[in-house]
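In what follows, every chain begins at residue 1, and chains take the letters A, B, ... in the order their sequences are listed.
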Amino acid sequence: MPELPEVETVRAGLASLITGATVRRVDVLRDSCVRLLPGGTAQFAGMLADARIASVARRGKFLWMPLLHAHEPEPAEALAAHLGMSGQFRVHEGAQAPQPHAHCRARLHLERDGRSLTLDFLDQRTFGYLHVEPLVPTADAQAGGAGSDLAAVPGSVAHIGRDALDPHLDVAAATRAWRRGSRGIKQVLLDQTLVSGIGNIYADEALWAARVHPERPASAVSLRQARELLDASRTVMSRALAQGGTSFDALYVNVNGESGYFSRSLEAYGRAGEPCSRCGRALRRASIGGRSTHWCATCQRRFSPRA
DNA sequence: AAGTACCCCTGCGTGC
DNA sequence: TGCACGCAGGGGTACT
């Protein structure tokens, strides 16, 4: 579930079910779902063996679970995960887990308070991955992300900016970074190194709400508009989160396999040809930067009338 | 720095 | 019915 609200829905679900659980066994059903370890899946399974999941954390669309090994005071490594386009986590409680789903790429057998749990990582399109890697300190010594107080993130997340809903996001620095350069503003919103968590759906929604054309050069976005875009991103993603995320089909579901309801609240994304709810003109759709983009040509001007 | 191309994959709906 | 094609919410790398 690709964007921030969907990943947060997964994070919260995982946190309630597997925090404090210990990994007992790992089955990797498709080797390529495990990334970046020279020792491959065997090393992956070995690094997880008997590790305790201290918490479930998230920054933007990146998830990780700090791991505690016996006699360690603080987690030094984490099980990191990215859902890519189609990744899912599913949790089953009880000793007999069902047959793995056809898209199940890895199954972790856990134990919590003497009870068995099964954590499946499903991924139809296989752009997602799992990875065990060291935690590195955050530059600002604040918590690495939502769900954990640890001032650390997995190494592969260090270059990712704090997300739009992170209380430690430096708003002034973020909006300054957004307004730098000549790229179109939509591409800038999608740049996860500046502000993370905003994906293709919520970028279109934020641009519609702030009345900014997706192709306006970032340098032509006023400070006020940049703040409006950040506010709009936060508002729309918070509302989506409250409804369990956006989903159009069974591909985007929470840890119980249920989908959210926010798709019916979208104003721009997926509504090409339908009337804009502000002005009534038909919404447009085009491919911008390789991503399908939806906007209202009347409300969202390429250049600001007075800026 | 920023733009471009291309890579990683599967499955669905559409039109011929 | 079959087949080719376009499309899908992500991100990384290499090159200009």
Side-chain angles (χ1 to χ4, degrees), chain A residues 1-10 29-36 58-64 80-88 101-106 121-131 133 154-161 163-164 176-207 214-215 217-219 233 236-237 240-241 243-254 259-272 285-294:
Chain A
M1 339 202 123
E3 306 187 42
L4 189 157
E6 294 75 36
V7 182
E8 174 57 20
T9 300
V10 171
L29 284 70
R30 183 190 172 105
D31 287 5
S32 62
C33 83
V34 175
R35 297 271 167 98
L36 304 173
R58 179 194 57 77
R59 173 181 290 198
K61 307 168 197 171
F62 292 77
L63 286 169
W64 69 93
H82 200 291
L83 302 177
M85 296 281 260
S86 57
Q88 302 178 6
H101 186 278
H103 297 145
C104 183
R105 307 308 184 198
F121 177 65
L122 280 58
D123 191 14
Q124 179 195 99
R125 289 180 66 190
T126 73
F127 288 177
Y129 59 84
L130 303 176
H131 182 198
E133 59 177 330
S156 64
V157 181
H159 68 296
I160 298 299
D163 65 58
R176 209 181 307 134
W178 270 359
R179 298 174 61 223
R180 237 184 331 249
S182 57
R183 286 185 294 172
I185 187 63
K186 174 166 178 179
Q187 281 179 268
V188 170
L189 296 186
L190 293 176
D191 186 338
Q192 304 295 302
T193 68
L194 305 177
V195 174
S196 65
I198 303 170
N200 203 37
I201 293 178
Y202 298 112
D204 281 3
E205 293 300 306
L207 288 162
E215 290 180 295
S219 55
S233 309
V236 70
M237 291 198 293
L241 181 55
Q243 295 182 48
T246 296
S247 62
F248 304 123
D249 54 47
L251 216 49
Y252 303 98
V253 298
N254 66 16
S259 44
Y261 291 96
F262 194 68
S263 57
R264 61 187 68 170
S265 307
L266 297 175
E267 295 281 4
Y269 188 87
R271 295 195 48 204
R285 177 188 175 282
S287 182
I288 295 177
R291 313 300 299 277
S292 133
T293 300
H294 312 72

Do the side chain of [X] and the main chain of [Y] share a donor and acceptor less than 3.5 angstrom apart?
X	Y	value
A/Arg58	A/Gly60	yes
A/Gln192	A/Gly197	yes
A/Glu215	A/Ile288	no
A/Glu205	A/Tyr269	yes
A/Asn200	A/Ser292	yes

Between [N] atom [atom2] and [X] atom [atom1], what is the distance in whole Å?
X	N	atom1	atom2	answer
A/Gln187	B/dA1	CD	P	17 Å
A/Ile201	C/dA8	CD1	C1'	10 Å
A/Leu190	C/dG12	CG	C1'	15 Å
A/Asp204	C/dG9	CG	P	9 Å
A/Met85	C/dG11	CE	P	10 Å
A/Leu122	C/dG9	CG	P	21 Å
A/Asp163	C/dG11	CG	C1'	17 Å
A/Ile185	B/dA2	CD1	P	12 Å

Worksheet item: For A/Arg35, which contact category applies under a 4.0 Å heavy-atom criterion: base, sugar-phosphate, or nothing?
Response: nothing
Discussion item. Considering every strand and a 4.0 Å limit on heavy-atom distances, what is the contact class for A/Ser292: base, sugar-phosphate, or nothing?
Written reply: sugar-phosphate
If you check the [X] side chain, which of [options] turns out closest?
X	options	result
A/Arg30	B/dT10, C/dG9, B/dA2	B/dT10
A/Pro2	C/dG11, C/dG9, B/dA2	C/dG9
A/Gln124	B/dG11, C/dA8, C/dG12	B/dG11

Item to complete: Find the distance between CG (A/Leu130) and CG (A/Leu63) and round it off to the nearest 0.5 Å.
Response: 10.0 Å
Item to complete: Using the six-membered ring for Trp and the full ring for Phe, Tyr or His, decide whether A/Phe127 stacks on the six-membered base ring of B/dC8 (centres under 5.5 Å, planes under 30°).
Response: yes
Below 4.0 angstrom from OP1 or OP2 of [N], is there any side-chain N or O of [X]?
X	N	value
A/Arg285	C/dA8	yes
A/His159	C/dG12	yes
A/His103	B/dG11	yes
A/Tyr269	C/dG9	yes

Rounding to the closest angstrom, what is the interatomic distance between [N] and [M] at atom [atom1]?
N	M	atom1	value
C/dC3	B/dC9	P	24 Å
B/dC8	C/dA4	C1'	22 Å
B/dC7	C/dG6	P	16 Å

Worksheet entry | For DNA chain C, the dot-bracket pattern of Watson-Crick and G-U pairs whose distances stay under 3.5 Å, | for other-strand partners | .|||||||.|||||||
Worksheet item: Hey, is the side chain of A/Arg125 pairing donor to acceptor with the base of C/dA8 inside 3.5 Å?
Response: yes
Discussion item. Evaluate A/Val188 against A/Arg180 for side chain to side chain contact (heavy atoms under 4.5 Å, CB included), listing each step before the verdict.
Written reply: CA-CA 9 Å; A/Val188 170; A/Arg180 237 184 331 249; over 6 Å; no
Practice prompt. Check the side chains of A/Ser196 and A/Lys61 for a donor-acceptor pair under 3.5 angstrom, ignoring hydrogens and angles.
Written response: no
